[in-house]
**Student:** 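Pasting a structure here, questions to come.
First the proteins, then the strands, lettered A, B, ... as listed; each starts at 1.
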Amino acid sequence: MARKNGINRRTFLKQTAAAATVFTIVPRRVLGGPGHTPPSEELTKAVIGVGGMGRGHLRYPGARLLAVCDVDRGHLNEVLAGTEDYVKGYTDFREVLERDDIDIVHIPTPPHWHALIAIAAANAGKDIWCEKPMARTIGEGQKVIEAVQRNERMFRLNTWFRFRDDFYDFGSKVKPIKQVVDSGMLGWPLKVVVGKTTGFTFKFQWSGRTDLTPQPVPEELDYDMWLGPAPYKPYHPHRVHQTFRGYWDYDGGGLGDMGQHYLDPVQYLLGKDDTSPVEIEVDAPQQHDDAVGSWRRITYRYADGCEVILDGAGTDEGAAYIEGPEGKLFQKFESDITGLKEKVDALPDPAPQIADFSESVRTRKKFALNESNGHRSCTLVNLGVIAVRLGRNLRFDPDAQRFIDDEGANRLLHQPMRGPWHV
Amino acid sequence: MIQKMKPLTLGLAAWVAGLCAPLAGADVAAIVAQFPANDATAANALFEALLDEGDDAIEGLCDQLVPLGAGDDNGPRYALTGLARYVSRPGAEEDREDVEEALLEALEDEDNAEVKQFLLRQLQQCGGNETVSEVDDLLLDDATASHAILTLDAIGTRKAERTLTKALKKTTGTTQIQILAALSDDGRNRTAVNVIEDRLEAQPEADEYVHLLSLLVAFQGNKAHGALMDAMDREEARCRKAALSHASTMMDTSAVKKWRKKVADGDTSDEVKREIGGLLASAE
């Protein structure tokens, strides 16, 4: 593929490799020995994309970092300066996947790369720790599932509220909420309203700009590789790195960035891990061709009448809450059901979940949030993105995973990739 | 009908048209000034008003487009993007055809590559076979080929597939690979396979070779084992690893036999034999 910015990747890699050969002193813990876990018993990892979220992934416990990769040589050098000498830097993820000594590949790249790298990693026999949203389109998510399962890989999506930490909006862990929902105390169907606490419109990186004047590509950035499967558009610094989320080609603004954090635990609470809504209603301003704008409200309705409402504008004063015909659950586990907190103690625990990805990798048992349920909660994000972009309500067939009688919407299920990239 | 009109009637018609034309232009400008609309109801009313103004109004919007960085054309861009999405809704076939036709007219008259790319993106959303017929030439122009391929890929009809397949024979390099990638979801395609085999035969550099192998597997499935075995003769480890990775996903009894034969081949180096041994061990 043509490289548009003149970076000589091979020279860079040769230099990196040569430097590693000359200066690397392998630490004792790498070789094993008293008090140290030998490498053969230790999981190893690579992090692909180290400009933003990837910096966090470097520190996630459970596996030893062996490689980092970024198409921006500036990011790569910054990270390599702070890691052990045996950590090698790459500018092409495919060279990372060729290494036999890496068990887990982290993918905190922008979302337009998630599916491609996840599929390539699965085909290369790696287990995968992928940032949210899982895929840029519903079609790409389906292909990730196929590749992960065909290759019998373990997959973890990087949001955690269904199994750990207080759920942003509810100010409570999900487990007791799940117990209440499963008990039937609230009745059925349920209406869940989330999104008010942090909203989806205020962060600068969530809205694109409509006045981008083309700029020269910085020498350290391989812009063609950064774009990858996305359509070629002239470079502007606002299009890449932290602010990429504001452009439809790479993400879906606040909905893409934060939507799965909110929607995944709700999907779990409602027991919708293997299905999707049948109707999507949207209230949003008209959207630009390229730049993501704001939105106010997205309502997802399931076949059984359950509703999930993303309150982006923060207009629902009572949010967040879960409401059924027989009771309502508010933030901090408050409720109109008398003595709820005491009643929960007597309720059975939800089905156990594997909440440590290392355990999942070692035992080959699925992680709590894996490729299948991750795809379904990412589908909520992508359904919302499509409805916002089109500015119309949609009907969806959750089994066929296609819109009903709307070929215009179906065109956004599988957005074409710029070759040579394909899934 | 015009030929049958009397001169006086024609004169009157011209006078009326002369009065109305500036009024229509002012109406369109007033509509465009209201974009972006704050909600779907307001946006849809504006789209209906634009459609009522006819094809000329839409083409007039296209005339107002300027390349990125050359001025503020957000009004027309919001209007055209919104229209392309609006007419892609169910039950709007006639409106869709009108907008498609206007966008195609504008595409033909446009010289600037970035504006052409914008118009092609709108046709990704609302174009049909009429678009397929009109964008052949753009596949042969480096400035528009990539976006034209994405547009045909999004339209996704048999006619689009045939057009891309025909273009394979007229293109080379990156454009040809982009077309192969666009076709790779559509199942078997003899022309595409021939193109890939020819390019592999020429032993391109490793990056391209690995992409071509991946595309061949997409088109041929387990019939690609022969090409994957040929890849084991490449010096670069990444070519061999790519081949083994593809092979490992489709190892049946017949494939195991073929790969064993490759190991038994006297020309195969010990290193490659070890690599293939790993593939066979995991298959068994």
**Student:** Can you confirm whether B:Glu114 sits close enough to A:Pro214 that some side-chain heavy atom of one is under 4.5 Å from a side-chain heavy atom of the other?
**Tutor:**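 SC-SC contact between B:Glu114 and A:Pro214 ruled out.
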**Student:** Give a yes or no answer on whether the side chain of B:Arg85 reaches the backbone of A:Gly391 with a donor-acceptor pair at less than 3.5 Å.
**Tutor:**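 Flag not set: sc B:Arg85 to bb A:Gly391 has no pair under 3.5 Å.
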**Student:** With a 4.5 Å heavy-atom cut-off, do B:Asp207 and A:Asp92 have their side chains touching?
**Tutor:**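 They are in side-chain contact.
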**Student:** Where do A:Gln286 and B:Pro36 come nearest, in terms of heavy atoms and distance?
**Tutor:**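 In this case the closest contact between A:Gln286 and B:Pro36 is OE1-CA, 3.4 Å.
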**Student:** Would you say B:Gln125 and A:Leu412 make side-chain contact, with heavy atoms under 4.5 Å?
**Tutor:**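 Yes, side chains in contact.
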**Student:** So what's closer than 4.5 Å to chain A heavy atoms on B:Ser146: side chain, backbone, both or neither?
**Tutor:**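 Only the side chain of B:Ser146 comes within 4.5 Å of chain A.
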**Student:** Given that the side chain runs from C-beta out, which part of B:Leu212 has a heavy atom under 4.5 Å from chain A: side chain, backbone, both or neither?
**Tutor:** neither
**Student:** Which one wins on heavy-atom pair count under 4.5 Å against chain A: B:Leu150, B:Asp153, B:Ile177?
**Tutor:** B:Leu150
**Student:** With a 4.5 angstrom heavy-atom cut-off, could you sort out which part of B:Ala218 is near chain A: side chain, backbone, both or neither?
**Tutor:** side chain
**Student:** Using non-hydrogen atoms and a 4.5 Å limit, figure out which bit of A:Val282 sits close to chain B: side chain, backbone, both or neither.
**Tutor:** neither
**Student:** Please find the pair of heavy atoms, one from B:Ser245 and one from A:Asn123, that lie closest to each other, and give the distance.
**Tutor:**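 What the structure gives for the nearest pair is OG-O, 2.8 Å.
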**Student:** Under a 4.5 Å heavy-atom cutoff, which of A:His236, A:Arg296, A:Gln415 has the most pairs with chain B?
**Tutor:**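 Heavy-atom pair counts peak at A:Arg296.
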**Student:** Between A:Asp289 and B:Arg121 (salt bridge meaning N to carboxylate O under 4.0 Å), is one present in this structure?
**Tutor:** yes
**Student:** Between B:Asp73 and chain A, which part of the residue has a heavy atom less than 4.5 Å away: side chain, backbone, both or neither?
**Tutor:** neither
**Student:** Measuring from B:Phe118:CZ to A:Lys233:NZ, what's the distance to the nearest 0.5 Å?
**Tutor:** 9.5 Å
**Student:** Have B:Asn74 and A:Thr210 got a donor and an acceptor in their side chains that come within less than 3.5 Å?
**Tutor:**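 Per modelled atom types, B:Asn74 and A:Thr210 side chains form a pair under 3.5 Å.
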**Student:** With side-chain hydrogen bond (donor to acceptor under 3.5 Å, both in side chains) as the test, pick out the partner of B:Ser88 among A:Arg411, A:Arg392, A:Glu407.
**Tutor:**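 It is A:Arg392, the one option of A:Arg411, A:Arg392, A:Glu407 that forms the side-chain hydrogen bond (donor to acceptor under 3.5 Å, both in side chains) with B:Ser88.
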**Student:** Does any non-hydrogen side-chain atom of A:Arg150 lie less than 4.5 Å from one of B:Thr249?
**Tutor:** yes
**Student:** Tell me, out of B:Asn38, B:Thr151, B:Thr81, who's got the most heavy-atom pairs with chain A below 4.5 Å.
**Tutor:**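 That would be B:Asn38.
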**Student:** Measuring from A:Trp421:CH2 to B:Ser214:OG, what's the distance to the nearest 0.5 Å?
**Tutor:**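 Here the rounded value is 9.5 Å.
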**Student:** If we define contacts as heavy-atom pairs under 4.5 Å, which of B:Val210, B:Ile149, B:Asp185, B:Leu215 has the most with chain A?
**Tutor:** B:Leu215
**Student:** When you measure from the side chain of A:Arg418 to the backbone of B:Gln178, do you find a donor-acceptor pair of N or O atoms at a distance under 3.5 Å?
**Tutor:**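 The answer is no, because no donor-acceptor pair under 3.5 Å joins these two groups.
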**Student:** What distance separates A:Leu97 CG from B:Lys241 NZ, expressed to the nearest 0.5 Å?
**Tutor:** 10.5 Å
**Student:** Flag the pair A:Asp290 and B:Arg77 as a salt bridge only when some basic side-chain nitrogen lies within less than 4.0 angstrom of an acidic carboxylate oxygen.
**Tutor:** no
**Student:** Taking atom CZ of B:Arg188 as the centre, report whether more than 12 heavy atoms of other residues, nucleotides or ligands fall under 6.0 Å from it.
**Tutor:**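 Counting neighbours around CZ of B:Arg188, 12 or fewer heavy atoms of other residues, nucleotides or ligands fall under 6.0 Å, so no.
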**Student:** Determine whether more than 12 heavy atoms belonging to other residues, nucleotides or ligands lie under 6.0 Å from atom CD of A:Glu152.
**Tutor:**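 No, CD of A:Glu152 has 12 or fewer neighbouring heavy atoms, counting only those of other groups under 6.0 Å.
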**Student:** Is it the backbone or the side chain of A:Pro231 that comes under 4.5 Å from a heavy atom of chain B, or both, or neither?
**Tutor:**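 When you check distances to chain B, atoms from both the backbone and side chain of A:Pro231 fall under 4.5 Å.
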**Student:** Name the region of B:Leu68, side chain, backbone, both or neither, that has any atom closer than 4.5 Å to a heavy atom of chain A.
**Tutor:**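 Both the backbone and the side chain of B:Leu68 come within 4.5 Å of chain A.
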**Student:** Which residues from residues 137-145 of chain A are near chain B, with near meaning under 4.5 Å between non-hydrogen atoms?
**Tutor:**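 A:Lys143, listed by number.
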**Student:** Determine whether B:Leu180 and A:His422 make a side-chain contact, defined as any pair of heavy atoms from C-beta on separated by less than 4.5 Å.
**Tutor:**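 The answer is no, as the side chains (C-beta and beyond) never meet within the 4.5 Å cut-off.
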**Student:** With a 4.5 angstrom heavy-atom cut-off, is it the side chain or the backbone of B:Gln122 that approaches chain A, or both, or neither?
**Tutor:** side chain
**Student:** At a heavy-atom separation under 4.5 Å, does B:Ala182 approach chain A through its side chain, its backbone, both, or neither?
**Tutor:**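 For B:Ala182, neither part sits under 4.5 Å from chain A.
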**Student:** Heavy-atom cut-off 4.5 Å, strictly under: side chain, backbone, both or neither for B:Leu80 against chain A?
**Tutor:** neither
**Student:** Name the option with the most non-hydrogen atom pairs under 4.5 Å to chain A; the candidates are B:Asp72, B:Thr41, B:Thr175, B:Ile155.
**Tutor:** B:Ile155
**Student:** Assess whether a salt bridge exists between B:Arg238 and A:Glu98, defined as any Lys/Arg side-chain N lying under 4.0 Å from an Asp/Glu carboxylate O.
**Tutor:** yes
**Student:** What residue in B:Ala43, B:Pro90, B:Ala181 has the most heavy-atom pairs under 4.5 Å with chain A?
**Tutor:**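 Option with the top pair count is B:Pro90.
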